[in-house]
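Only one structure is covered here, and it is reproduced in the block below.
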Amino acid sequence: MKFLILEGCEYMVNHRPRALAAVMTTLALTTGGVVAAAPGHADTSALDAQFEATYQAPQQYPNIAIDWDVPITMSDGTVLKANVYRPADAAGHPVDEQLPTIVNLTPYTKLVGALAEAALSVPGLSDALVKVLAKADFSALGMSSLSDILRAVPGGAGRTFAVDPNLVRSGYTQVVVDVRGTGFSQGDWQVFGDREQADGAEVIDWAAQQPWSDGKIGMNGISYSGINQLQTAERHPAALGAIFPIVPGSDLIRDVAAPGGALGIGFIPEWLAAVDGTKLIPDLTALLTGKFDWTWLADRAADPLTFIDTVIAALTTPSVDQIPPQLYSVLNNRSDLRQAWLGHPEQIQVPTFVYGGWHDIFTYSSPQVYNAVDVPAEQKKLLMGDTYHVTTSAGLGDPGAPAPLDALQRAWFDKWLKGIDNGIDRYSPVTLWQQGTEQWTTDDSFPRAGMDYRRMYLGATTSGTAPQSRYDGSLAAQPDGPATVSVDPSMLTMCSRDAIQGTAGLVPEPDQCAKDARISEGAALSFTSAPVDRPTVISGPIGVHLNTVLDATDGYWTVTVNDVAPDGHSTVWSTGQLQASLRAVDESKAQRSANGDYTDPYPALSLDQRQPVVPGAPTVLDIGIRATDGMLQPGHRLRLDVFAGNLPSSIPVRPLLNESGLRTQHLALDPDQPSWINVPVQADSGW
C-alpha cells in the first residue's frame, strides 16, 4: 500500500493536495470520516489516490478533434447522429492510432453534452470553478442540498455525463449519440422501447468497425445513459468490453414511472417536458449550409410530445373502464411496453461498475443490478453514495471519500479495455456511504454478510419519542393492542426527504425538511423502537406488513424507515409505497428472508390483477422499502413512519384517486392480525 501511495506522491504534492490529504488522513486515523473497512476487508484509499493522480496528470495527447453530426444508419433505415471525439496532436489533427471507444447514448441532445464539455474545458477558468464548487457549503444557511448540487461537478458527474476530454486525451475515442427521436437523430422517441434498445447494440457494432477503432468498446453515462448501457449489454454485442452505468434503473416502473403503482408526478412530467422540448431544437448549422435533414423535421412533426398524452390521461381519466390503451399499457405488466421497461441484468456478462445513491430515484435497481450481473467478483463493483439524482457524485474526491467518478471511470476502462494492471479489479467489491456513522465503508457484499432478518411489531404502546406525529406508537419484539389509528393525506409531506428524492433533488429543500422528518411526521403514524445499547447495523431491503382498513375501495400508502437520535432528530434512511388495489404480489419475483417474511414483496402493479378494497374490512398490504445501509448508534432508535400519501413525489392515477376519495386511512393494531416490519440487522444487535 505504501508503494502505491508514494508512486503518485510527487505529483499530488504539487497539483492534487486534496488527494494527498485523503491518503494521509487514512493513514493517520482509525475512525472518523474516512473510508473504513469492515474486519477482513481491504482499505482502497490508496487506489483512490492513485486513480485520481493518473486522471489529473498530463495526458498522452494534447488536443481533441471533433467530427460533428456523423450519420449512423440503423437496420430499419433510421439515421442517428453522433459527435465523435478523437485524440489529436498539437496541430489539432486526429491521431492515426486505432484506440478503444467509449459510447454514450443520450436523449438530452449531444449538443448539451458538447456545451457541458466546453464549459469544463476553459483553460484556467474550469479548474478554478471546480475548486469553488468543491468548497460550496450552504449548511450555515440550512441548505445543504443546494451545496450538494454544486458539488456534483467536482465529484465527476460533469465529465461522466457525456464526453470527458481528459479521457479522450488519455487515448480513447468518445462517441456521443442522440437516441432516436431526440436531438438531431431521426425517428420517433421510443423511451426505452425494443427498437431503441436494438439501436444500442447496432451503434456498438458500428463503432467497432470504424477505422479509428481497435474494436474494443465501452459505454458510459448517467441516468438514461446508464439505463441503456444495461439494456445494450443484455443484448451481448460482441465488441462491448465494459460498462460504467451511473445511477441506472432496471425496473423502470418501480424505480420512477409508477412506484407503488402511482404516477411519479414529481419527476416524470418535468422530465418528459425537458426531453420533448429539447428534441425540437433544429440543427441550425445544417439549415444555414443547405444540409438540413427534412426527415428529422417530418419525424418531429409526427411525434412532437412523446408520452405527454399518457401523463394527461393518468391525471384526467375519471374511471378505470375509461382508461385509454396507451395508459393501460403502462399499467399492465404483460404489455410490450412494460416488458421492454423491465431489465434483465442477470444477462449482462461484461465488467460493470455501478454507482447509485441511497436517495436516488433509481435506488431500488442499483444494488439489484450489481448483484445480478453475471461476471466474476473482480469484474463488478458497487458504489452507493448519500445522494439524490441531481446530486450524483457529490462528495467524491473529498478527503476520506472514494475518487471522483471521472477518475474511477478512467481506471475501469484502462483495465478492461486497455489491459492496464492498475488495481481496479482489486478495488473493494462494495463501497457504501453508511448512514448513521456518516462515513464511507467497504465490504465484500451488499447486503452485508451476517444480517439476520427479524420482525418488529407495530404496537399501540406510546414510545414517548414522537409528540409531533399524528400517532406515537412503538416497535417491539411482541405485538400489542388492540387499537385502530388513523391518518389522512397531507401537504406536510412536501417538507421531507421523500419529496426531494421523488423530484430527483431538482428542488432543494431546507435542512429542516431534508435532514429531519419531524415536520412531515405531523402527517404520520410513527412507530419507534427502544434505543439500542450498542452500534447496530441495518443492511438490505426491508419488508413492511400492514393490517389496513379503508373507508373506500382504494387508498395509497407510503412508509419510511428512520434513525431517531436521543434529541428526537428523525432522519429518513429509505422509503416505499403502494396503491392498495394493486397489492397482488408476483411471487415469481418476490424475495423473502429465512424467516419466511417478504423483503421485497414485488407487487405486480397491474390493472388486470387489481383487487378493489372492501370498505371497512381489514386488508393486508405488503410494502417493500428500498434497500438501505446504516448503523444505529447507541441510544438511537429505529422508527417506521406510515403516511396516506407522499406528495409531491407521487399521486395515484386519477381513476384510483377518485376511488380513494382522499379519505382517512386506518391501521388495525390487532395482536391476532399484527402489523410488522421485517428488518435486516446484525446478529448481535442492540435490541
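Note that this is a predicted model, so its numbers are computed, not measured.
- With hydrogens and angles disregarded, no donor-acceptor distance shorter than 3.5 Å links the side chain of S675 to the backbone of L458.
- Side-chain contact between P508 and M143: present, with at least one pair of heavy atoms (C-beta onward) separated by less than 4.5 Å.
- When all heavy atoms of P479 and P674 are compared, the pair lying nearest together is CB-CB, 3.9 Å.
- Inspection of the Q435 and T571 side chains reveals no N or O donor paired with an N or O acceptor under 3.5 Å.
- No side-chain donor-acceptor contact under 3.5 Å links S574 and R626.
- For S526 and D641, the side-chain atoms include at least one donor-acceptor pair closer than 3.5 Å.
- Closest approach of Y453 to P680, counting heavy atoms only: CZ-CB, 3.4 Å.
- Using modelled atom types, one side-chain atom of S496 and one backbone atom of A499 make a donor-acceptor pair closer than 3.5 Å.
- Using a 4.5 Å cut-off on side-chain heavy atoms (C-beta onward), Q611 and T619 make no contact.
- Using a 4.5 Å heavy-atom threshold, the side chains of P345 and S250 count as touching.
- Residues D255 and I361 are not in side-chain contact: their nearest non-hydrogen atoms beyond the backbone lie 4.5 Å or more apart.
- Under a 3.5 Å cut-off, the side chain of T599 and the backbone N or O of Q591 do form a donor-acceptor pair.
- Looking at D551 and R663, no side-chain N of the basic residue comes within less than 4.0 Å of a carboxylate O on the acidic one, giving no salt bridge.
- Defined by atom type and a distance below 3.5 Å, a donor-acceptor pair is present between the side-chain atoms of S570 and E521.
- Not one N or O on the side chain of R454 forms a donor-acceptor pair closer than 3.5 Å with the backbone of V681.
- Between the Q665 side chain and the Y556 main chain, a donor and an acceptor come within less than 3.5 Å of each other.
- A donor-acceptor distance shorter than 3.5 angstrom exists from the side chain of T392 to the backbone of H389, with no hydrogens or angles considered.
- Closest approach of E659 and V320 over heavy atoms only: OE2-CG2, 4.0 Å.
- Crowding of D488 atom CG: a count of heavy atoms from other residues, nucleotides or ligands under 6.0 Å exceeding 12.
- Using modelled atom types and a 3.5 Å distance limit, the side chains of S463 and R639 yield no donor-acceptor pair.
- Side chains of N333 and D608 form a contact here, defined as non-hydrogen atoms less than 4.5 Å apart.
- Expressed to the nearest 0.5 Å, how far CG of L647 lies from OG of S490 amounts to 9.5 Å.
- Atom CG of D498 is separated from atom OG of S650 by 7.5 Å, given to the nearest 0.5 angstrom.
- Shown here for R338 and A604, the closest heavy-atom pair between the two residues is NH2-O, 3.0 Å.
- Figure legend: R254 and Y602 shown as a cation-pi pair, the cationic atom lying under 6.0 angstrom from the six-membered ring centre and within 45 degrees of its axis.
- Counting all heavy atoms, side chain and backbone alike, R497 lies closest to V572 at NH1-O, 2.8 Å.
- Of the inter-residue distances, the one linking H545 atom NE2 with N678 atom CG reads 11.0 Å to the nearest 0.5 angstrom.
- For the side-chain contact (heavy atoms from CB on, under 4.5 Å) criterion with S139, the lone passing option out of S144, S147, S145 is S144.
- Residues W557 and V544 are not in side-chain contact: their nearest non-hydrogen atoms beyond the backbone lie 4.5 Å or more apart.
- Tested against L578 for a side-chain contact (heavy atoms from CB on, under 4.5 Å), the candidates V559, T558, L605 yield a single pass: L605.
- Here the closest non-hydrogen pair linking V373 and I348 is CG1-O, 3.8 Å.
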Test side chain to side chain contact (heavy atoms under 4.5 Å, CB included) on R637 and L632; report intermediate values, then the result.
CA-CA 7 Å; R637 304 166 185 257; L632 295 176; over 6 Å; no

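- Side-chain atoms of H666 never come within 3.5 Å of backbone atoms of G616 as a donor-acceptor pair (strictly under, hydrogens ignored).
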Evaluate the criterion side chain to side chain contact (heavy atoms under 4.5 Å, CB included) for residue pair V537 and Q434; output intermediate values, then yes/no.
CA-CA 9 Å; V537 174; Q434 187 176 61; 4.2 Å; yes

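- Q478 places none of its side-chain heavy atoms less than 4.5 Å from the side chain of D480.
- Distance check: D251 CG to W341 CH2 gives 11.5 Å after rounding to the nearest 0.5 Å.
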Go through it in stages, so that I can follow the logic: the residues are V487 and V485, the test is side chain to side chain contact (heavy atoms under 4.5 Å, CB included), and I'd like the CA-CA distance, side-chain angles, deciding distance and then a yes or no.
CA-CA 7 Å; V487 64; V485 295; over 6 Å; no

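- By the 4.5 Å heavy-atom criterion applied to side chains, L382 and N371 are not counted as neighbours.
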Between E438 and W433, does a side chain to side chain contact (heavy atoms under 4.5 Å, CB included) hold up when you go through it step by step?
CA-CA 7 Å; E438 310 308 307; W433 175 268; 3.5 Å; yes

Candidate pair S581 and R610, rule side chain to side chain donor-acceptor pair (under 3.5 Å), full reasoning
CA-CA 5 Å; S581 66; R610 182 170 175 264; 3.3 Å; yes

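- The closest donor-acceptor contact from the side chain of S428 to the backbone of D443 lies under 3.5 Å.
- Within the 3.5 Å criterion, the main-chain N or O of T363 finds no donor-acceptor partner in the side chain of S366.
- The OG1 atom of T503 sits 9.5 Å away from the CE atom of M494 when rounded to the nearest 0.5 Å.
- Note: Y457 and W676 have perpendicular aromatic rings, judged against thresholds of 30 and 60 degrees for the angle between ring planes.
- Distance check: F446 CZ to T628 OG1 gives 7.0 Å after rounding to the nearest 0.5 Å.
- Of the N and O atoms on the side chains of S660 and D554, not one donor lies less than 3.5 Å from an acceptor on the other residue.
- Checking side-chain atoms of S365 against main-chain N and O of F362 turns up no donor-acceptor pair under 3.5 Å.
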